[in-house]
Amino acid sequence: MKVLDTDFARSFIRMCNDGWTFGWHESNGGNASYRLRPEEVTEVRSGFRTRSWVRLDTEIPTLAGEFFLITSAGSHFRNIAHDPKRTLGIIEVDRTGTCWRECWGFKDGTHPTSELAAHLINHEVRKAATGGESRVLYHCHPVSLAAMTCVVPHDSAVFTRTLWAQLAECALVCRHGVEVIGWEVPGTIGLAIETAKAMEHTDAVIWPHHGLFVAGVTMDEAFGIAHTVEKAADIFCKARACGMPNVSRITDSDLVSFSRKYDLELARRHVYAKPHLDAPAPEPVIIREPARQEPSMLPLDGIRTNVPGTFRFPVPAPEPEPAPEPASQPGPEPAPAGPLFTMAPAARPEQRSAPDPVGQGLAPAAHPEQRPVPEPAPQPESAPQPVQPVPQPEPAQPVYRFYPKPRKR
Ligand code: 2HA
Ligand code: ZN
């Protein structure tokens with residue numbers, strides 16, 4: 001059978017292409033590998049053309065004799081589905097676990113990924129950690145996770161707890177939590193070794209300011225972990241970017257009940273070791289508003305708001321009411337002429353004959369030379385009294401809204 005007709009190759013190509021469509025593989029970013037099952041090697045072996053052995057910088061005795069489908073160095077994930085024979089290849093590890101050679105793909109002189117050492121060492125670790133089950137390693141550059149590494153301390157417990165607090169699925173899918181390693185130069189043996197130490201505990205390792213390295217038994221599992229971790233990171237970033245303080249999250253007790261139902265492995269390091277990063281919820285402030293009315297029922301001059309600063313278009317003042325009959329019963333207060341909170345338009349200097357009565361109006365002050373000196377004009381007897389604010393009628397059905405207190409600066 002041809003390599004590209006096998007289920008494992010199709011599934012691998014789909015995983016790579018999905019990562020590309022998700023935006024996780026800019027330029028030649030990312031790499032992936034799959035450890036073939038013996039029966040899959042048998043299926044495709046007749047099409048192999050072997051090249052010379054290359055010495056490894058390390059030893060991987062538990063992978064002796066194994067075959068790996070792996071991305072080529074410099075390959076762009078956007079091209080993998082279109083040109084798999086150049087962007088992918090199969091390598092074989094020798095019987096001593098100290099050398100490897102190419103045996104399929106790598107067309108036009110391409111070679112395995114620059115992270116080959118990280119892949120091989122970590123296949124060893126994950127194979128041991130899962131009793132031989134783990135077969136897939138996938139490395140991508142998802143943007144929200146990289147953004148999180150700019151603002152969340154590089155502490156595995158804090159990172160895990162923060163991710164789990166965003167999205168229920170994250171604790172289910174990334175059930176061992178994430179390990180965050182220190183900064184390492186891409187493509188180095190140091191990065192491979194630090195990742196391998198972390199992969200002894202988990203299947204998801206974060207490379208700060210770089211990306212995510214995940215392991216799985218299947219492509220679905222590996223890609224699913226990456227997708228879920230990135231989604232939780234995306235929620236974290238979006239919730240903070242919207243500017244509102246955090247008022248809700250998955251709490252420790254939520255996680256405990258979650259773990260009882262799904263048998264999650266929460267206990268070891270992550271849940272109680274460190275707090276997550278969410279700030280405590282602010283005290284809610286209750287603002288009472290009048291009951292909502294159908295717009296068609298709303299009288300023109302009845303539009304009011306009790307939210308300071310909300311602009312409403314001025315509405316015409318009502319016709320003056322005739323003076324009430326002395327003997328009549330006091331009627332309801334007339335509706336105030338205009339909205340309670342409007343921005344008074346600034347008078348033009350030449351129109352202004354007197355300074356702002358309280359000296360602190362919103363209109364810009366006229367130039368002193370243009371401004372006539374005010375004479376305190378005697379108030380005529382019949383001068384209209386200053387308009388008193390009319391109390392708002394009690395709402396029939398109060399509506400409550402929660403506004404957070406402004407943050408102290
Ligand atoms: O360019 O992602 O980590 C490939 C990489 C290196
Ligand atoms: Zn990378």
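Indexing begins at 1, ligand by ligand and atom by atom, following the structure's order. Predicted model, so just to flag it, every value in this text is computed and none were measured.
With a 4.0 Å cut-off on non-hydrogen atoms, Asn31 touches ligand 1 through its side chain and not its backbone.
With no hydrogens or angles considered, no side-chain donor-acceptor pair links Glu221 and Tyr138 at under 3.5 Å.
Looking at ligand 1, you'll find an N or O of His141 within less than 3.5 Å of one of its N or O atoms. Inclusion of His139 in the set of residues having an N or O under 3.5 Å from an N or O of ligand 1 is warranted.
Aromatic ring centres of Phe22 and His227 lie closer together than 6.0 Å. Taking the six-membered ring where the residue is Trp, the centroids of Trp20 and His76 are separated by 6.0 Å or more.
The pair Asp234-Lys231 fails the salt-bridge criterion, with no side-chain N (NZ, NE, NH1 or NH2) lying under 4.0 Å from an Asp/Glu carboxylate O.
At the shortest separation from atom 1 (O) of ligand 1 among protein heavy atoms lies Asn28 O, 3.2 Å. Distance from atom 3 (O) of ligand 1 to its nearest protein heavy atom, with residue and atom name: Glu115 OE2, 2.6 Å.
Close approach to His210 involves these atoms of ligand 1, each under 4.0 Å from a residue heavy atom: 2 (O), 3 (O), 6 (C).
Rounding to 10 degrees, one finds that the Zn ion (ligand 2) sits at the corner of an angle of 100° between His141 NE2 and His139 NE2.
Remark: Arg10 is not positioned above the aromatic ring of Phe8, lacking an NZ or CZ atom under 6.0 angstrom from the ring centre and at most 45 degrees off the axis.
Heavy atoms of Gly30 approach ligand 1 to within less than 4.0 angstrom.
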*Decide yes or no on salt bridge (charged side-chain N to carboxylate O under 4.0 Å, His left out) for Glu66 and Lys127, but give the supporting numbers first.*
CA-CA 12 Å; Glu66 300 254 26; Lys127 186 180 175 186; 2.6 Å; yes
